[in-house]
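Heads up: the structure comes next, in structure tokens.
Atoms considered below: every heavy atom in the structure, side chains included; atoms not considered: hydrogens, waters and symmetry mates. Note on naming: letters A, B, ... go to the chains in the order of the sequence lines (proteins, then strands), and numbering restarts at 1 for each one.
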Number of protein chains: 2
Amino acid sequence: MIEGVRTPVAQRTVEQIKAMISTGEVGPQQRLPTERDLSARFGVSRGSVREAIRILTTLGVLEVRHGAGVYVTALRPDDLLEAFGVLSEVSPDPTLLEVLQVRRMIEPAATAIAAARATEEDLNRIGEMLDRLEDIDRSAEPGDSGAFDLGFHRRIVACAGNATLTAVHAGLSSPTLNERVWAGHDAEGIARDLHEDHRRILEALRDRDPEAARATATAHVLRVERWLRSHLRSVGPSLDANPSAEGP
Amino acid sequence: MIEGVRTPVAQRTVEQIKAMISTGEVGPQQRLPTERDLSARFGVSRGSVREAIRILTTLGVLEVRHGAGVYVTALRPDDLLEAFGVLSEVSPDPTLLEVLQVRRMIEPAATAIAAARATEEDLNRIGEMLDRLEDIDRSAEPGDSGAFDLGFHRRIVACAGNATLTAVHAGLSSPTLNERVWAGHDAEGIARDLHEDHRRILEALRDRDPEAARATATAHVLRVERWLRSHLRSVGPSLDANPSAEGP
DNA sequence: AACGCCGAGTGGTCCGACCACTGTGCAGCA
DNA sequence: TGCTGCACAGTGGTCGGACCACTCGGCGTT
């Protein structure tokens, strides 16, 4: 008997709930039966149902509203790739280099597409973000500098019109990663270079020039990558802390 | 109390466990205190601790061994991106096109790098896999055809030597996705084209020609992408995004 | 008609008990 | 002496019930 595999109850429950979604018994945005009902229906304890729900919530498939019920998400890529962020939170430093290398593959391509697809309004908003970013940095107060840098790149990628791409890119460029890359290394003159990169990227977008967009984006990521590589050895391996309070 | 935000206990526990890892109290591969100990230490119930552990397990940070204890994983990218696969399991069909578009960005780049880095042994194993794939398809038995197709591409990407890239690519090319793309559409003559693509890619790798590798890989993914696009309409819209983003 | 209160129902948390599995050390055997 | 095998203690896995915190809709007041 090869048989004899004991599937954990919680795991089995996960499959059953996924099945409910696959078969269409509950569709996206729709409400699931109550924990107590599911418990009775599957013949398992409520605690096990809760663990299953926790798993699917972490995976971005379900969404729990206290006092209101459990709902299936829209199942859009940004829902399902939400958990992606841990990568840049707990990974050892050398992995950050790998992450940047992956960004060097997708961000230029995305920027090139954005050059062809971005609307005037998109470009204006990207420009505004860049203005604010430079204002902040000029005022020598590195407050949310990273947040706007992030916003700049994300908005560009979003212009490519591919939600999956946007979500993957978001996972590879979390605030935590940015923080870890620049931790304790403000200025050093590289900020000016980065701003220049940003301006060139924006120009390429305004020119509707995909090739220029690709090239400038590549150069930008490459600059960060090289900077990080040269500064990694001096700090040694570490796992960053992360008291990240969720916003929206 | 200025405090007004009520953080769920389980969520807080997740942060506390992550902190234990961040501070180095427990390192990769090491064992965590028992659920009961953590329960006492954090002043929360064992059930809540379990939910927190479930979350971190889903994220690939922890690993549970029944009867032996809870361990921190190696925190390698393939651990942390394991959950990635759900994307291609529950996503609506249109998302599959987006996924392929992302693959079109990273797979050619990865193949180009592989052309420069693959060892002789790598190339031989890739070649063998291709032989088996063609054997299977020629025998008109589409059994594990998909598995070998997957293996072929994954092995190439692995040659790029970037674990993060490998993990991301794996998430974007799961068996489930392959299955969904080709479901019920064996042959149709496209199989021959795909094999030809594969051979060309392998030739480029053997020639150590990154540009050729990039071009052939792009052509290959593009072929799949176009095929899928032309076959998606025939099945009609499945779970497409809906305009009902209203709150109750 | 508009506002505000309240209660039923939902998820959130806790407790204590028992089951299933693992690893280890001791006892028994060869 | 050396190995085998079993029992035990400790761990995660599951269960049931109880109570708390929150949401929401309906009912009453104004």
Dump the pairs, protein N or O against N or O of nucleotides 5-10 of chain D, anything under 3.5 Å, distances to one decimal.
| unit_1 | atom_1 | unit_2 | atom_2 | d |
| --- | --- | --- | --- | --- |
| D:dG10 | N2 | B:G67 | O | 3.2 |

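Using modelled atom types, no side-chain atom of A:T73 and backbone atom of A:L62 make a donor-acceptor pair closer than 3.5 Å. At least one donor-acceptor pair closer than 3.5 Å links the side chain of A:N162 to the backbone N or O of B:E98. Using modelled atom types, one side-chain atom of B:S88 and one backbone atom of B:G85 make a donor-acceptor pair closer than 3.5 Å. Judged purely by atom type and a 3.5 angstrom limit, B:D122 uses its side chain to pair as donor or acceptor with the backbone of B:T119.
A:Q11 has its CD atom 19 Å from the P atom of C:dA20, to the nearest Å. A:Y71 has its OH atom 10 Å from the C1' atom of D:dC24, to the nearest Å. Computed from coordinates, the B:E35 CD to C:dA20 P distance equals 17 Å when rounded to whole Å. Distance CD (A:E63) to C1' (C:dG12): 16 Å, rounded to an integer number of Å. Here the P atom of nucleotide C:dG23 and the CZ atom of B:R65 are 8 Å apart, to the nearest Å. For A:R12 and D:dT14, the CZ to C1' distance is 11 Å, given to the nearest whole Å. One can place CG of B:L62 at 11 Å from P of D:dG12, the figure rounded to the nearest angstrom.
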For residues 9-20 of chain A, which side-chain N or O atoms pair as donor and acceptor with protein atoms under 3.5 Å away, sequence neighbours left out?
| unit_1 | atom_1 | unit_2 | atom_2 | d |
| --- | --- | --- | --- | --- |
| A:T13 | OG1 | A:V9 | O | 2.8 |
| A:K18 | NZ | B:E89 | OE1 | 3.0 |

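The heavy-atom pair separating A:L177 from A:L172 by the smallest distance is CD1-O, 3.9 Å. Of all heavy-atom pairs spanning A:L75 and A:L80, the tightest one is O-CD1, 3.8 Å. When all heavy atoms of B:D93 and B:R180 are compared, the pair lying nearest together is OD1-NH2, 2.8 Å.
Looking at A:R46, its side chain comes within 3.5 Å of the base of C:dG12 through a donor and an acceptor atom.
Residue A:R154 places its CZ atom among more than 12 non-hydrogen atoms of other residues, nucleotides or ligands, all under 6.0 Å distant.
At a non-hydrogen distance threshold of 4.0 Å, B:R50, B:R54 from residues 47-61 of chain B come into contact with DNA chain D.
Closest-nucleotide positions on DNA chain D for A:S39 and B:R36 were compared, and the one nearer the 5' end corresponds to B:R36.
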